[in-house]
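One structure is given here, and the rest of the page talks about it.
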Number of protein chains: 2
Amino acid sequence: MDDGGSRVTRGKVTIRTVAEHAGVSVAAVSKVLRNAYGVSDALRQNVMESIETLGYRPSAAARGMRGRTFTVGILLVEIGNPFLPEVVEGINDILAPSEFKSLMGMGRSHMPVETSLIEQMIDFHMDGLILVAPRMSGAVLDRYARQIPIAVIGHHEATAAQFDTINSDDQCGALLATEALLAAGHRDIVMLSQAYAPDSSHAVAGQREIGYQLAMQRAGLPGRIVAMPYDGDSVPHHLRQFLEQTPRPRAVFCWSDLFAVDLVNIARAMGLRVPEDLAVIGYDNNPLAALPLVDLSSIDQGGRRLGALAAETLLSRMDGRNAPHHILLEPSLVRRTSG
Amino acid sequence: MDDGGSRVTRGKVTIRTVAEHAGVSVAAVSKVLRNAYGVSDALRQNVMESIETLGYRPSAAARGMRGRTFTVGILLVEIGNPFLPEVVEGINDILAPSEFKSLMGMGRSHMPVETSLIEQMIDFHMDGLILVAPRMSGAVLDRYARQIPIAVIGHHEATAAQFDTINSDDQCGALLATEALLAAGHRDIVMLSQAYAPDSSHAVAGQREIGYQLAMQRAGLPGRIVAMPYDGDSVPHHLRQFLEQTPRPRAVFCWSDLFAVDLVNIARAMGLRVPEDLAVIGYDNNPLAALPLVDLSSIDQGGRRLGALAAETLLSRMDGRNAPHHILLEPSLVRRTSG
DNA sequence: CGTTCTACGTAGAACGGTGCACACGATTCC
DNA sequence: GGAATCGTGTGCACCGTTCTACGTAGAACG
C-alpha cells in the first residue's frame with residue numbers, strides 16, 4: 001500500500017529515488033534506461049516496476065550533460081508558409097515511432113535569429129538538427145555541422161561534406177512548369193521570383209530560375225524574371241502593380257504559391273479571366289492551391305516525403321554515419337485550371 | 001559509434017576555460033553570467049572580454065540543473081491553422097527584447113502527444129510554458145502548473161488558480177457575428193461548430209456556441225448547431241453534404257475560418273451566390289479570409305496581441321507572481337462581402 | 001580442484017554550470 | 001581602537017544523469 005496522493009508533486013522523483021525504491025544502485029537504473037549491456041531480466045523487470053509506480057521520467061537536461069537527450073531540433077525559417085506544416089508532419093511521421101522527440105525553433109526570416117536558435121539547440125545538447133530552408137551560407141552550416149549532426153531541407157549544396165541535404169529537384173520542377181505553359185501555346189512567359197541575397201546560390205528560388213531559363217532557352221525564347229521582395233504585407237501591392245503593367249504578360253510561372261495564390265486572386269478580382277487572360281502555375285502545391293475558387297496548377301514537391309527523408313537521414317547520421325548523403329526528389333506537376 | 005582518435009570535444013570552451021583565461025574563479029564568471037550581486041565593474045569587464053575572445057556560450061543543459069535556462073516553451077496543438085503564426089509572432093515580439101528565447105512543440109491534435117511534449121519541456125528545465133488551445137482538461141493543466149509557470153491561450157477557465165489564461169471573449173465574438181447576420185435580416189441562421197470532447201467546457205468552440213445561442217434567444221429564434229469533426233481531409237466532404245441538405249440554411253456562422261473559407265469556396269463552386277444565397281461569417285480572420293475571391297467576414301480576435309499578452313503574463317509569473325491572472329480581450333467584426 | 005570466462009552489478013568520477021557559506025581587506029561606528 | 005558592516009571574490013557541495021573501471025559469483029575448462 002503506497003502512500004496515496006501527493007507523491008508526484010511532493011518530492012521530485014529522480015533516478016536515485018527509483019534506485020532506492022527498487023533496492024538497486026543508481027548505475028543499474030541508468031543501465032535499464034539506456035538498454036545498456038549487462039542487466040538481467042529480473043533486474044530490468046524490478047526497475048521497470050519502480051519507474052512505473054513512481055512515475056519517473058529522466059531529466060533531459062541532466063542526460064544531455066553526458067549522454068543523449070533523444071531530442072532533435074527543427075529549425076523553421078518562418079512559420080507562415082502553409083507548405084511547412086507538411087514537412088514537419090513528415091518529420092514527425094518518422095520520429096514518432098522512434099525514441100526521439102522533436103522541438104522546433106522559428107527563425108523569423110532573420111539570420112541572426114536563425115544562428116542563435118541553432119546555438120540554443122546545441123546548448124541544450126540536442127542530438128541532431130533538421131534545418132528547413134535556412135538563410136545562412138554553406139560555410140556557416142559547415143561550422144555548426146562539426147558540432148552536431150545536421151540534415152538540411154531546401155538548401156542546394158550537393159558538395160557539402162559535413163551535413164546531409166534533402167531537396168526536391170527545383171530545376172526540374174521549374175522546367176516542368178514552364179514546359180507546361182509552353183505546351184499550352186504560350187510564348188510570353190514571365191517568371192515571378194523572390195529576391196534573395198547575392199551570395200545565396202543554394203537558394204531554391206535560384207534553382208527554379210535556372211530551370212525556367214533552361215526551358216525558355218530550349219524553346220528559343222527570351223526569359224524574363226521579375227524578382228519581388230517577400231516581406232509580408234507589401235506582396236499584394238507589388239502583385240497588383242505587376243498586373244497593371246502594359247503589355248501585361250499572358251502567362252506567369254511563380255516561384256511559390258505564396259505569390260501565385262494571391263496573384264490568381266488579384267487577377268480575378270481585377271476582372272481578368274484565368275487562364276484565358278492570364279495563365280498561372282505556382283510552386284509547392286500548398287493547401288490553398290486546391291481551394292475551388294483558386295484552383296491553381298502547381299508543382300508538388302512532396303513536402304511530407306521531404307520531411308520524412310530528412311528525419312531518416314538524420315537518424316542514420318546520428319547513428320554514426322559520416323559520409324554525407326545528398327538526396328534529390330522528383331517533383332510533379334498538379335494540373336488544375338489556372339494554367 | 002564514436003571514433004576514438006579525433007575528439008569531438010576538441011577545445012570545447014566551458015566556464016572553466018573562461019575562468020582560467022580571465023584569471024578568476026569559476027564562481028566569479030558564473031556571477032557575471034547571472035548578473036548576480038557582488039561583482040566589481042573591473043571584474044565584470046575582465047570576464048566579459050574573455051567571454052568575447054573565447055566565444056563562450058553557457059550550456060543551457062548544465063544551467064538547467066540548478067538555475068534557469070532562459071527558455072520558454074510554446075505548445076502548439078497543430079501547426080496547420082494559419083491563425084497560429086500570428087500568435088507565435090506576438091509571443092516573440094515580447095520575448096525577443098528580453099533575455100528569454102522560445103522553443104516550440106507541436107501537439108498534432110493528439111492529447112498524449114501534447115502531454116508528452118509538456119513533460120519534455122519540463123524535463124529540459126524550461127522556465128515557463130505558453131500553451132495554445134491545448135486539448136487537455138484544466139485538472140491536468142493544474143498538475144503541470146504546479147511544476148512550471150504556465151500561461152494558456154484559448155482555454156476558458158477563469159477560476160484556475162495555478163495558471164494564467166489569456167483569451168479572446170469568444171461568447172462576445174459569436175454574439176457579434178450572429179447579431180450581424182440578424183441585422184442583415186436573416187432568421188434562418190445555423191452555427192457550424194466543431195465536435196469537441198464532452199468534458200471540455202473550456203473549449204473555445206463551446207464558448208462560441210453559447211454566444212450564438214444567446215443572440216438567437218434574444219431575437220426569439222431557435223438556434224441550430226451542427227458539429228463537425230475536424231480531422232483534416234474529410235472537412236470538404238462534410239461541408240458539401242451540409243450544403244446539399246434541403247432546405248438549405250440561408251445564413252451560417254462558422255466557429256472557425258478553417259471551415260468558413262472552405263464553405264465559401266464550395267458554395268461558390270456549387271453555383272451559390274454569397275451572400276445572396278448563403279451568408280457566411282467566420283471566426284479568426286485568418287489570412288485567407290482577406291483573399292479577394294474569398295472576402296469572408298470574420299471575427300478578429302487579435303492573435304498577435306493575444307500572444308504578446310500571454311508572453312508578458314508568463315514573464316511576470318516567472319518573476320515570482322503567484323496570484324492567477326485571467327485576461328479577456330474584446331474581439332471585433334471585420335466586415336467583408338460574405339455576410 | 002584451481003584457473004579462466006562470462007554475466008551481472010556497483011562505486012565513483014565526470015559533465016558544466018549554480019548558489020551558499022565564508023574569507024578578507026577596507027570602512028564606518030561608537 | 002576594537003567591533004560591526006560592507007563590498008568582493010573564492011571554495012565547494014550540489015543538480016541528475018552517464019560511463020568507465022572494477023568486484024564478484026557461478027559456470028566452464030583443463
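Within every chain, numbering begins at 1; the chains are lettered A, B, ... in the order of the sequence lines, protein sequences first and strands thereafter.
At C/dT10, one or more side-chain N or O atoms of A/Ser25 fall inside 4.0 Å of OP1 or OP2 (strictly under the cut-off). Dashed line: the shortest gap from a side-chain N or O of B/Arg34 to OP1 or OP2 of C/dG19 is under 4.0 Å. Between A/Tyr37 and the phosphate of C/dC8, there is no side-chain N or O to OP1/OP2 separation shorter than 4.0 Å.
Across the interface with DNA chain D, nearest-nucleotide mapping of A/Leu33 and B/Ala27 shows B/Ala27 to be the residue nearer the 5′ end. Comparing B/Val24 and A/Tyr56, the nucleotide of DNA chain D nearest to each residue sits closer to the 5' end for B/Val24.
A/His202 and A/His155 have parallel rings, their planes meeting at less than 30° on a 0 to 90° scale where 60° marks the start of perpendicular. Relative ring orientation between A/Phe124 and B/Phe124 is described as perpendicular, the plane-to-plane angle rising above 60° on a 0-90° scale split at 30° and 60°.
With hydrogens and angles ignored, a donor-acceptor pair closer than 3.5 Å exists between the side chain of A/Lys31 and the base of C/dG9. Remark: the B/Arg66 side chain and the C/dT18 base include a donor-acceptor N/O pair separated by less than 3.5 Å.
Under the Watson-Crick and G-U wobble criteria, each requiring two contacts below 3.5 Å, nucleotide D/dC29 is paired to C/dG2. Under the Watson-Crick or G-U wobble criterion, with both distances below 3.5 Å, D/dC12 is paired with C/dG19.
B/Met65 has its CE atom 9 Å from the C1' atom of C/dC15, to the nearest Å. For the pair B/Asp41 CG and D/dG9 P, the computed distance is 10 Å after rounding to whole Å.
Among the atoms of the strands shown, base atoms are found under 4.0 Å from some heavy atom of A/Ser30. A/Arg68 comes within contact range of no nucleotide atom at all, as no heavy-atom separation falls under 4.0 Å.
Checking D/dT18, C/dC15, C/dC8 against every side-chain atom of A/Ser40, the shortest atom distance belongs to C/dC8. Considering only the side chain of B/Ile15, C/dG17 comes nearest among C/dG17, C/dG9, D/dT18.
Among A/Leu75, A/Leu84, A/Asn81, the single residue meeting the side chain to side chain contact (heavy atoms under 4.5 Å, CB included) criterion with A/Val132 is A/Leu84.
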